[in-house]
Amino acid sequence: MEGASEASAGGASKDERVEVSSDEGASDGGSVEDEMSEEEVSEAFPGESTMEALECKAAGNELYKQGKYSDAIIRYSAAIAKDPAVATYRNNRAAAHIMLQDYTAGLADALKATELEPKTVSYWERAAKCYSNLGRASDAQRLYGHILELDPENANAMREVGQVQAVKQLEDQAKAAMEAGRYNTALSFCERALGFAPANDRVKLLQAEVYLKMKNVGQADRIVTSILRGDSNHTDALYVRGLCKFELGDMDKAMDHYKRALRGNPDHTNSRTQLKRVKGLAQTKEAGRQAWASGKFDEAIALYTEAIAVAPDNAAICSKLYFNRALALGKLKKYEEAVADCTEALDRDASYVKALIKRSQLKMELEQYEEAVRDCEAALEMNPGDRDLKQALRDAKLELKKSKRKNYYKILKIAKDADDREIKKAYRKEAMKYHPDRVQGEAEKAQAEIRFKDIGEAYSVLSDSQKRHHYDQGADIEEINSGGGGGHGHSHADYNDIFAQMFAGGGMGGMGGMGGGPGGFRFG
């Protein structure tokens with residue numbers, strides 16, 4: 001059985017045949033470089049050392065028929081070492097390599113066979129097929145042209161030329177579909193092209209880039225890794241692997257891959273462009289970090305904004321940039337903007353615990369306690385053993401509970417850390433403003449009485465250090481006023497007495513006598 005019939009799809013198949021003709025010993029006396037010597041064969045394959053070349057080849061054929069292609073290659077290699085000038089041994093080993101989809105090794109053997117027997121068409125066909133499977137279309141077409149010179153009626157060569165052209169057309173269609181954002185269509189074209197040329201690295205890398213566009217970095221990386229496993233210096237594969245690393249947020253490894261690609265091909269434009277882009281982004285991000293560390297928060301915000309604009313679609317990198325910008329915004333007390341940036345970070349990485357925690361803290365500053373509790377609970381689900389998170393959740397729940405009571409600090413319009421002097425000053429101002437005797441109209445007077453009562457209640461608690469402590473710890477108003485918080489309840493008259501005491505001794509200035517008003521006081 002002489003020749004090389006292959007599957008129409010272009011891949012290795014059971015139709016790949018080895019040669020078993022009886023004139024294998026024909027030789028043109030040529031020598032073969034990088035082949036094993038008799039001594040090396042003896043060391044590597046002791047079983048073959050006593051066998052003749054034809055016996056090794058026959059044993060290889062039997063193993064090939066059994067589908068044991070790696071073992072068949074060993075026998076063919078032994079035959080070649082014993083008689084390196086026999087083209088048939090080369091051709092048979094090429095067939096075994098092809099069955100293992102090692103088209104590079106198959107190509108080397110097939111080309112050597114054509115050197116030894118340049119008029120044997122089947123050897124040229126096998127070499128051309130390897131070129132086609134490797135995606136080397138121009139080389140494949142060149143060999144098929146030579147085959148048609150040797151055999152103008154060769155139908156197989158005519159068919160294969162059409163398949164080479166089909167692969168190129170499918171590749172072009174895949175590129176156009178990817179650029180148009182029709183990623184599933186692009187993948188379909190790639191799959192069809194790989195059906196004709198399963199080892200076409202160019203199509204595989206195009207396929208990987210489509211997966212990157214779809215944010216399926218894992219699949220893209222698997223494709224590129226398989227190519228680099230066969231050729232660790234594959235320039236285009238190194239470039240696409242760099243894209244994968246960048247998409248995962250690892251800028252250092254991305255730049256390392258671009259540099260490796262440029263070492264292999266200094267004129268690789270894509271690698272050079274991407275290296276410059278990523279290097280600039282890394283420098284801007286680091287400058288933002290340094291500005292933040294120096295307390296230059298406005299500058300940090302501007303730098304992080306600039307960095308985000310470089311790669312707005314990179315979720316891994318932008319999630320961190322938005323978080324960093326949120327930290328700077330928080331330092332400037334721009335809490336709502338900081339919350340928005342934390343949300344942007346979480347939209348890109350839902351598992352970003354630091355962003356959840358920071359957003360919870362910012363929500364606390366904005367007194368949005370229910371949302372703060374939700375963020376804390378979500379963060380704790382991701383890190384159930386984190387003690388700091390557990391404490392943060394307790395704090396948020398406490399503030400939520402406290403928020404449902406009257407907020408005495410807001411009523412007096414003071415900060416939570418106000419001292420006694422500030423509390424008294426605030427009380428005097430608010431009590432004067434909302435004293436019922438200063439309001440005309442029944443409805444307005446009723447509202448003022450409620451507000452005046454709240455102002456007195458707030459002062460009675462915050463001016464008492466023990467009551468204030470229990471209030472700050474979350475005790476309910478009823479608990480404090482009933483004595484459970486350490487104090488005693490007050491009636492409406494009590495708040496009038498507080499007012500009178502506060503303004504006694506001329507504290508009212510020229511505000512009339514002490515007639516029928518609260519505690520004897522009357523407004524003029």
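What you see is a predicted model; the values in this text were computed from it and never measured. One-based numbering along the sequence shown.
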Shortest non-hydrogen contact between [X] and [Y], atoms and distance:
X: A197; Y: V167; value: CB-CG2, 4.3 Å
X: L143; Y: A127; value: CD2-CB, 3.6 Å
X: A113; Y: N91; value: CB-N, 4.3 Å
X: A338; Y: G330; value: CB-N, 4.0 Å
X: L116; Y: P84; value: CD1-O, 3.9 Å
X: A220; Y: A208; value: CB-O, 3.3 Å

Any side-chain heavy atom of [X] within less than 4.5 Å of one from [Y]?
X: E377; Y: V373; answer: yes
X: M178; Y: K175; answer: no
X: Y123; Y: D109; answer: no
X: E153; Y: D151; answer: yes
X: D83; Y: E52; answer: no
X: K245; Y: D256; answer: no
X: L107; Y: L134; answer: yes
X: H257; Y: F246; answer: no

Before accepting this row, confirm whether a basic side-chain N of the pair [X]/[Y] lies closer than 4.0 Å to the acidic partner's carboxylate O.
X: K112; Y: E115; answer: yes
X: R142; Y: D139; answer: yes
X: E171; Y: K168; answer: no

[Y] backbone acceptor or donor facing [X] side chain under 3.5 Å:
X: W124; Y: Y144; value: no
X: R272; Y: L262; value: no
X: R75; Y: L63; value: no
X: D231; Y: N233; value: yes
X: Y258; Y: G242; value: yes
X: S360; Y: L356; value: no
X: R348; Y: E344; value: yes
X: T273; Y: N270; value: no

To the nearest 0.5 Å, how far apart are [atom1] in [X] and [atom2] in [Y]?
X: E125; Y: N156; atom1: CD; atom2: CG; result: 4.5 Å
X: L187; Y: L206; atom1: CG; atom2: CG; result: 9.0 Å
X: F297; Y: L327; atom1: CZ; atom2: CG; result: 9.5 Å
X: T284; Y: I308; atom1: OG1; atom2: CD1; result: 11.5 Å
X: L380; Y: L389; atom1: CG; atom2: CG; result: 5.5 Å
X: Q173; Y: T185; atom1: CD; atom2: OG1; result: 10.5 Å

Give the C-alpha distance, both sets of side-chain angles, the deciding distance and a yes or no for side-chain contact (heavy atoms from CB on, under 4.5 Å) between R192 and L194. CA-CA 5 Å; R192 289 171 59 189; L194 289 171; over 6 Å; no
The test is side-chain contact (heavy atoms from CB on, under 4.5 Å); show your working for V224 and H234 and say whether it passes. CA-CA 10 Å; V224 178; H234 194 299; over 6 Å; no
Sequence neighbours excluded, every pair satisfying side chain to side chain donor-acceptor pair (under 3.5 Å) that has a member inside [range]:
range: residues 205-225; result: E191-Q207, K215-E247, Q219-R222, D221-R241
range: residues 384-396; result: Q391-R394, Q391-D395
range: residues 307-329; result: T305-R325, R325-D341

Chi angles and distances behind the side-chain contact (heavy atoms from CB on, under 4.5 Å) call for I357, D375: CA-CA 7 Å; I357 295 171; D375 280 347; over 6 Å; no
Hey, are Y76 and N61 close enough side-chain-wise for a donor-acceptor pair under 3.5 Å? yes
Name the orientation class of the two ring planes belonging to Y64 and Y69 (parallel below 30°, tilted from 30 to 60°, perpendicular beyond 60°). perpendicular
Take the angle between the ring planes of F323 and Y352 and call it parallel below 30°, perpendicular above 60°, tilted in between. tilted
Could you walk me through whether Q141 and Q165 satisfy the side-chain contact (heavy atoms from CB on, under 4.5 Å) test, starting with their C-alpha distance in whole Å, then the side-chain angles of each, then the deciding distance to 0.1 Å, before giving a yes or no? CA-CA 9 Å; Q141 288 179 319; Q165 294 170 343; 3.6 Å; yes
Exceeds 12 heavy-atom contacts within 6.0 angstrom, atom CD of E365: yes
With salt bridge (charged side-chain N to carboxylate O under 4.0 Å, His left out) as the criterion, how do E286 and R289 come out once you've worked through the C-alpha distance, each side chain's angles and the decisive distance to 0.1 Å? CA-CA 5 Å; E286 174 59 19; R289 187 197 66 78; 2.7 Å; yes
